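All of these numbers come straight from a predicted model, not from anything done at the bench.
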Amino acid sequence: GRDGDKEELAAIATAVNAAAARDAELMKAVEAGAARDEQILAAVEAGAQRDAGLRQQIRGLGDSLRRKTKKESVRQLKESQLAQFEVVPDYVEDKPFARGGEGEVFM
């Protein structure tokens, strides 16, 4: 009777303590996993911010290249127009007939 009940209660108490120890280990593992997940999430967010910054820089470079390309094409067009429509005089006098702040005018 009584000794059997004590042994049974002792066995139950041992099982409950073992279960509580397993639960404590599981809780530590869950907390460690949560901490690891937070680190991973922080790394992912930092990577996303870095990627956004890189995308913005790439967009800026693209805009800059488009501006340079546009300026370059305008410059080339101007040079070709100047070369194409340049007037070459047949004859120029030796002495200028007018002078100004920026140059002289010849006949």
Donor-acceptor pairs under 3.5 angstrom involving side-chain atoms of residues 7-25: please list them, not counting sequence neighbours.
{"unit_1": "T14", "atom_1": "OG1", "unit_2": "A10", "atom_2": "O", "d": "2.8"}
{"unit_1": "N17", "atom_1": "ND2", "unit_2": "A13", "atom_2": "O", "d": "3.3"}

Side-chain donor-acceptor contacts of residues 88-107 below 3.5 Å, not counting sequence neighbours, with atom names and distances?
{"unit_1": "R99", "atom_1": "NE", "unit_2": "E104", "atom_2": "OE2", "d": "3.2"}

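Taking CD of E45 as the start and CD of E38 as the end, the distance is 10.5 Å to the nearest 0.5 Å. The line from CG of L61 to CG of L54 is 10.5 Å long, rounded to the nearest 0.5 Å. Separation of atoms NZ (K70) and NZ (K68) is listed at 16.0 Å; rounding is to 0.5 Å.
Judged by distance alone, the side chain of S73 and the main-chain N or O of T69 form a donor-acceptor pair under 3.5 Å.
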Side chain to side chain donor-acceptor pair (under 3.5 Å) for Q76 and E72? Distances and angles first, verdict last. CA-CA 6 Å; Q76 288 175 350; E72 182 66 21; 3.2 Å; yes
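Taking a 6.0 Å sphere around CD of Q56, one finds it holds 12 or fewer heavy atoms contributed by other residues, nucleotides or ligands. Atom CZ of R36 sits in a sparse spot, with 12 or fewer heavy atoms from other residues, nucleotides or ligands closer than 6.0 Å.
Taking L77 as the reference, S80, Q81 meet the side-chain contact (heavy atoms from CB on, under 4.5 Å) condition, with sequence neighbours excluded.
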